[in-house]
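Because the structure is a prediction, the values reported are computed rather than measured. Quick note on labels: first sequence line is chain A, next is B, and so on, each numbered from 1.
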There are 2 protein chains.
Amino acid sequence: MPPKAPAKAARTPRRAKGAAKVAPRGPLSAQDWIRAALNLIIREGVQAVAVEPLAREIGVTKGSFYWHFQNRDHLVAEALKAWAEDQGRDVVARWGGVQDAERRLRVLLFAAFEDQENGLLFAALSASSEDPRVQPWLRRVSEQRLALGVESFKALGLPDMEAKQKALLAYAAYAGYFQLLRATPAAVASASDLSGYVHHLVDGLVPPKKAKK
Amino acid sequence: MPPKAPAKAARTPRRAKGAAKVAPRGPLSAQDWIRAALNLIIREGVQAVAVEPLAREIGVTKGSFYWHFQNRDHLVAEALKAWAEDQGRDVVARWGGVQDAERRLRVLLFAAFEDQENGLLFAALSASSEDPRVQPWLRRVSEQRLALGVESFKALGLPDMEAKQKALLAYAAYAGYFQLLRATPAAVASASDLSGYVHHLVDGLVPPKKAKK
DNA sequence: TCCGTGCAGTACGCATCCGTATGGAATAAC
DNA sequence: GTTATTCCATACGGATGCGTACTGCACGGA
């Protein structure tokens, strides 16, 4: 537990006794722990975020962890918060640019599918959705994304109901794609052309004005 | 560890000391444990299948468990095997009936989406895909389903590549739908009409001969 | 009636994790 | 140099899970 009002200082490396483990580094920050936690979540899910294993991986001991965080749940909470806020920023960033409704949809979807790392992180978090610490954040992000999708389809002139269904379909295709990529990458690899995949999706969803297939 | 060659017998209820826990029952079978494990998997994922908690839930102690199974991994393995074999049977059952290629696709997809319990179980297992005990079974089932999908689309006269992409898209939409349903049911509920959702999916995938929308 | 067998309870040792307590090394400030 | 501060190591107690060993009970058959 670091005192609420920090002072100053920052120092140079050091290492544990028997452990010249990974890369030598200076003192850790809470951010370092959060990053490590998110990495671990991608690989093994939220429930794998345990203090002692994580500390081993970083190459320090619990002593460090409990200096930066009150307890395990606080780390998880911070990591999730960081993720969700990141998503919020992303959505806004991708939203702003394009005016034309159809182009915006395409840009949105292509960008989403192209950011593989983020997609896999989303899949990992969805995989931990039974965890009550995860659920609210997942809900937030999904609602935001779905709302954006619905908006975009309505901007094409579609009625509410249809826009909702199409948005859900697009989002499910997104979530499912990365779930499959995470669970059984080999299966996805068979249809290796991602851009073709996304084209199919988009062409199937955007009202067939001139389906460019 | 029950002796390899069982004999006979079957007896009447009994209960633990302080525990008139759930429903009174006779002696448990390995199947009972497997069923309980699958139930737990749906609710909390594979990693939640622990002997002692599971025993508590059933209302017995570990003593019983280790009578029926060698260890925890054996239970998990049996449960997964049971699931995968069930899926295999399902696929065949739904496959046999219909001759017309387009109708078969529709029937297949509608049936898949309608079996909510199975869909949620699939989502739960996919959520545990990082578990090396789960991965192979998941792979098997997904490959089988995808192969069936590709077949079905090729039967419509589509070229290989397109059939693969459409099958992947359909499967991702399936996986994603149930993942969302599991993770954030509220989000899915907004587009409440499942049949409309599936219609959208199918109409987007089946080559627009006479898109019946 | 007295065993044998099927199933379950109880108790133990071991491992892993949590969170706490406390000490210690390196640096910055003085 | 002395001191305060930052960051980490180490050692502890408690909880929970695994797997083993052994005991106990109810039933069926002899």
Sequence neighbours excluded and cut-off under 3.5 Å, please list the side-chain donor-acceptor pairs for residues 35-51 of chain B, or say none.
unit_1	atom_1	unit_2	atom_2	d
B:R35	NH2	B:D32	OD1	3.0
B:R43	NH2	B:E57	OE1	2.9
B:R43	NH2	B:E57	OE2	3.4

In short, side chain to side chain donor-acceptor pair (under 3.5 Å) pairs touching residues 113-123 of chain A with sequence neighbours left out are A:Q87-A:N118
Return the value, rounded to whole Å, for the distance between atom CG of B:L75 and atom P of D:dC18.
-> 10 Å
For B:D32 and C:dA8, give me the distance from atom CG to atom C1', rounded to whole Å.
-> 14 Å
Which pairs pass ring pair (Phe, Tyr, Trp, His ring centres under 6.0 Å) with one or both residues in residues 70-93 of chain A, sequence neighbours excluded?
-> none
Write down the protein N/O and nucleotide N/O pairs, taken from nucleotides 12-15 of chain C, whose separation is under 3.5 Å; answer none if there are no such pairs.
none

Taking only N and O in the side chain of B:R56, is any of them less than 4.0 Å away from OP1 or OP2 of C:dG9?
-> no
In whole angstrom, give the distance that lies between atom CD of A:Q70 and atom P of C:dT20.
-> 8 Å
How about B:L205 and B:L105: do any of their side-chain heavy atoms sit closer than 4.5 Å?
-> no
Distance in angstrom units between B:W67 CH2 and D:dG19 P, rounded | 18 Å
Rounded to the Å, how far apart are A:H68 NE2 and D:dC8 C1'?
-> 9 Å
5' priority, DNA chain C, between A:A50 and B:S64 [closest heavy atom] | B:S64
The nucleotide from D:dG17, D:dA9, C:dC18 with an atom nearest the side chain of A:P53 is C:dC18
Under 4.0 Å from any atom of DNA chain D, heavy atoms only: list the residues of residues 39-47 of chain B that qualify, in numerical order.
-> none
Does A:E143 have any side chain to side chain donor-acceptor pair (under 3.5 Å) partners at least two apart in sequence or in another chain, and if so, which?
-> A:R139
Test ring pair (Phe, Tyr, Trp, His ring centres under 6.0 Å) applied to A:F65 - qualifying residues, sequence neighbours left out | A:W33, A:F69
So, A:D193 and B:K164, do they make that salt bridge, N to O below 4.0 Å?
-> no
Atom-pair distance (CD1 on B:I58; P on C:dA8), nearest Å = 9 Å
Integer-rounded Å distance: C:dT16 P and B:R72 CZ = 13 Å
CZ of B:F65 versus C1' of C:dC7: gap in Å, rounded?
-> 15 Å
How would you list, by chain and number, every residue that makes a ring pair (Phe, Tyr, Trp, His ring centres under 6.0 Å) with B:F178, sequence neighbours excluded?
-> B:Y174
Applying side chain to side chain contact (heavy atoms under 4.5 Å, CB included), name anything that partners B:A155, two or more places apart in sequence or on another chain.
-> B:A101, B:R104
